[in-house]
*Asks:* 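I am attaching a structure below and will ask some questions about it afterwards.
Just so we're on the same page: letters track the sequence lines, and every chain starts at 1. Please read these numbers as outputs of a predicted model, since none were measured by experiment.
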Number of protein chains: 2
Amino acid sequence: MVASLVGDPARANMLTALMNGRALTASELAQEAGITPQTASSHLAKLEAGGLIEPEKQGRHRYYRLTDDDVAFVLEGLAGLAARTGHMRVRTGPKDPALRRARICYDHLAGDIGVQMLDSLRTRHLIRQKKQDIELTPDGERFLAKHLQISPYMLAHPRRPVCKACLDWSERRHHLAGTLGAAMMQRFAELKWAARDATPGSRVVNFTRTGEKQFAALFGNGKD
Amino acid sequence: MVASLVGDPARANMLTALMNGRALTASELAQEAGITPQTASSHLAKLEAGGLIEPEKQGRHRYYRLTDDDVAFVLEGLAGLAARTGHMRVRTGPKDPALRRARICYDHLAGDIGVQMLDSLRTRHLIRQKKQDIELTPDGERFLAKHLQISPYMLAHPRRPVCKACLDWSERRHHLAGTLGAAMMQRFAELKWAARDATPGSRVVNFTRTGEKQFAALFGNGKD
DNA sequence: TTCATGCTTCGATGGTAGCCGAAGCATTGT
DNA sequence: ACAATGCTTCGGCTACCATCGAAGCATGAA
């Protein structure tokens, strides 16, 4: 079973270290997990058999990376559940600052930036939140149309909600998911405000200088 | 860690059995997992501590359900990863007779029909539900008076609540109990929409053809 | 070749967690 | 009041698996 693979602390640490999409060698992962290379080798073999990671030989090194984004998404979901109960692992969240700052979660924005955006929308009453359910206010619709050229009919979907609160892996607070979350991320990309990192498999989102400014103007909290 | 909770085969079986959203008793979950009640109790306590499931006491039974959709979503993700590498689990289909459809629970309607009725009342805002407590809305009172000739003063009782959510035995979701639940069942009988099965001791409720139509007109969900 | 580095396999060990029998509460029914 | 049912707690047993030392393969460098 896949879950039992992730359940072991040593393996969980390895997977967490791989969450930024980069590949790491077996020794590096051993050090991350705080175990000897022999033990790590055993764990890595199991993770590979379970389809969670893929190896790539290079010289006498063996690089491992997460198989694909689906794995990362499931891991993020698990971390979200763990964060809810407060019983989170000692080693929490990503070490990579860039990954903490902004990253892709399925198809929407996550990380510090993503949380900040949802906060801003909420405090300015552009959305209304009741528990898990979020809906756009009339003000919010006007705001989206004016500044991002997003209109409600673009967001309609038979099964997916327009707005949804998604628990952020690193921040432990909610960011915005749903068709609106996806549409906004797409618009940021189209406007050349931000783009996924070029590194294959990376989930980091890099903001351009102007993108950062524009974003701050719309969703800034005055702190940066 | 959450993943280690899901990692254990016995617990995974329990969670899988709960994936359809219905609640199951501790003993039933024990049987699902193929373990003794003592062991199951230990597992269930851990799952509850991990925030994956929530208990609901009813009589001497203890029903467990998944905490919310987020849990189910993550479990689905895990199952998806597991399916990729090879084997997945298969579980249960319906196995019950027409007792599942409609039956008497004390003095009110239970079964698929009963659950459907409560759902309908809720989605149309004829009742307001906060956790276990339910109350009629003004719209609800008008609705009852107009279509079923039930007025609020008929429902007053010194000790019994007007509305109460009662966990359905077969559907494992709530149906409507309380004086209102009883009054509605009684009215259905008076209107010759439905009647208890003639067989002595049977709790099956048979709907007449016109009764079925009228009921569907009032509480139908368009699916039947 | 010879050595060094990186990783894997083998074997033994120990800690942890699942498991069940027996007994203890709690609730319900008679 | 008494018995029956459902669930939990306790104690001991067992099996599994993570862990590491030592040795065995690879690859690359001298």
*Asks:* Distance check, rounded to the nearest 0.5 Å: A:L29 atom CG versus A:Y63 atom OH?
*Replies:*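 Going from the CG atom of A:L29 to the OH atom of A:Y63 covers 11.0 Å.
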
*Asks:* To the nearest Å, give me how far apart CG (B:L47) and C1' (C:dG18) are.
*Replies:*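 After rounding, the reported distance stands at 13 Å.
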
*Asks:* May I have the distance from B:Q38 (atom CD) to D:dG6 (atom P), rounded to whole angstrom?
*Replies:*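 These atoms are roughly 14 Å apart.
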
*Asks:* Could you tell me the separation between the NE2 atom of A:H175 and the CG atom of A:D112, rounded to the nearest 0.5 Å?
*Replies:*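 Nearest 0.5 Å value for the NE2-CG distance: 12.5 Å.
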
*Asks:* Could you state the atom-to-atom distance from NE2 of B:H43 to P of D:dT8 in whole Å?
*Replies:*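 So the NE2-P distance, B:H43 to D:dT8, works out to 13 Å.
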
*Asks:* Heavy atoms only, 4.0 Å cut-off, all strands: where does A:T25 land among base, sugar-phosphate and nothing?
*Replies:*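 Contact class for A:T25: sugar-phosphate only.
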
*Asks:* Salt bridge or not between A:R209 and A:E212? Use side-chain N to carboxylate O under 4.0 Å.
*Replies:*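 No.
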
*Asks:* Given atom OH of B:Y64 and atom P of D:dG6, what is their separation to the nearest angstrom?
*Replies:*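 Checked: the OH to P distance equals 15 Å.
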
*Asks:* Let's see if you can work this out: which of C:dG6, D:dG21, D:dA26 has an atom nearest to the side-chain heavy atoms of A:K57?
*Replies:*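 Selected nucleotide (nearest to the side chain): D:dA26.
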
*Asks:* Provide, to the nearest angstrom, the distance between the CG atom belonging to A:D8 and the C1' atom belonging to D:dC17.
*Replies:*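 So the CG-C1' distance, A:D8 to D:dC17, works out to 9 Å.
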
*Asks:* Among B:I53, B:T67, B:L66, B:V6, find the residue that satisfies the side-chain contact (heavy atoms from CB on, under 4.5 Å) test when tested with B:L47.
*Replies:*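 Among the candidates, only B:I53 passes.
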
*Asks:* Report the residue (A:A26 or B:R11) whose heavy-atom-nearest nucleotide on DNA chain C is the more 5′ of the two.
*Replies:*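 Between the two, 5'-proximity favours A:A26.
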
*Asks:* If I take atom CZ in residue B:R62 and atom P in nucleotide D:dT5, what distance separates them, rounded to the nearest angstrom?
*Replies:*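 Nearest whole value for this atom pair: 21 Å.
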
*Asks:* Nearest whole Å is fine: how far is C:dG21 P from B:I35 CD1?
*Replies:*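 Interatomic distance, CD1 of B:I35 to P of C:dG21: 13 Å.
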
*Asks:* So B:L148 and B:M184, side chain to side chain contact (heavy atoms under 4.5 Å, CB included) or not? Walk me through it.
*Replies:* CA-CA 8 Å; B:L148 294 174; B:M184 291 180 78; 3.8 Å; yes

*Asks:* Could you check which of D:dA18, C:dC20, C:dT8 has an atom nearest any side-chain atom of A:T39?
*Replies:*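 In terms of side-chain proximity for A:T39, the closest of D:dA18, C:dC20, C:dT8 is D:dA18.
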
*Asks:* Classify the nucleic acid contact of B:A10 as base, sugar-phosphate or nothing, counting any heavy atom under 4.0 Å across all strands shown.
*Replies:*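 Sugar-phosphate, no base atom in range.
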
*Asks:* Please give, in whole Å, the distance from D:dC17 P to A:L5 CG?
*Replies:*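 So the two atoms are 11 Å apart, to the nearest Å.
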
*Asks:* Choosing from C:dT27, D:dT8, C:dC20, which nucleotide comes nearest the side chain of B:R60?
*Replies:*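 Of the options given, the side chain of B:R60 lies nearest C:dT27.
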
*Asks:* So, is B:K46 close to the C:dA17 phosphate, meaning a side-chain N or O under 4.0 Å from OP1 or OP2?
*Replies:*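 No, no such contact exists.
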
